[in-house]
Student: 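Pasting a structure below so you can have a look.
This chain uses plain numbering: 1 for the first residue, then up along the sequence. Side chains included, hydrogens not; waters and symmetry mates left out as well; all remaining heavy atoms used.
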Amino acid sequence: MYDEKRATLLQQKGLWKKMYEKAKEQYHSEDTSPFVYAYHVVCAPEAENGEIFVELCI
């Protein structure tokens, strides 16, 4: 049981790292005006088929 949990955690860690790296590529926060701060929220959700999508806030 312990080995199964450990394997699952290691697999999740790999997935989280992959998702983090995909999101990190798109992160480049910047001030677009004195009132607007853009590109400071990025996420990389995984679809059921395993594909990772990158979404960002403008």
Student: Could you report the tightest heavy-atom contact between Met19 and Ala44, atom names first, then the distance?
Tutor: CE-O, 2.7 Å
Student: Quick one: does Asn49's side chain have a donor or acceptor within less than 3.5 Å of a partner on Glu51's backbone?
Tutor: yes
Student: Evaluate Asp31 against Val36 for side-chain contact (heavy atoms from CB on, under 4.5 Å), listing each step before the verdict.
Tutor: CA-CA 6 Å; Asp31 291 323; Val36 178; over 6 Å; no
Student: Please report the C-alpha distance between Thr32 and Glu30 in whole Å, then the side-chain angles of each, then the deciding distance to 0.1 Å, and finally whether the side-chain contact (heavy atoms from CB on, under 4.5 Å) criterion is met.
Tutor: CA-CA 6 Å; Thr32 56; Glu30 58 186 70; 3.9 Å; yes
Student: Of all residues at least two apart in sequence or in a different chain, which pass the side-chain contact (heavy atoms from CB on, under 4.5 Å) check with Glu48?
Tutor: none
Student: Working to the nearest 0.5 angstrom, can you tell me the gap between Gln26 CD and Glu55 CD?
Tutor: 11.5 Å
Student: Go through the steps for Lys18 and Ile52 under the test side-chain contact (heavy atoms from CB on, under 4.5 Å), then give the verdict.
Tutor: CA-CA 9 Å; Lys18 188 188 313 183; Ile52 296 174; 3.5 Å; yes
Student: Just so I know, are the side chains of Glu46 and Leu15 near enough to count as touching, which here means a heavy-atom distance under 4.5 Å?
Tutor: yes
Student: More than 12 heavy atoms of other residues, nucleotides or ligands under 6.0 Å from OH of Tyr20: is that the case?
Tutor: no
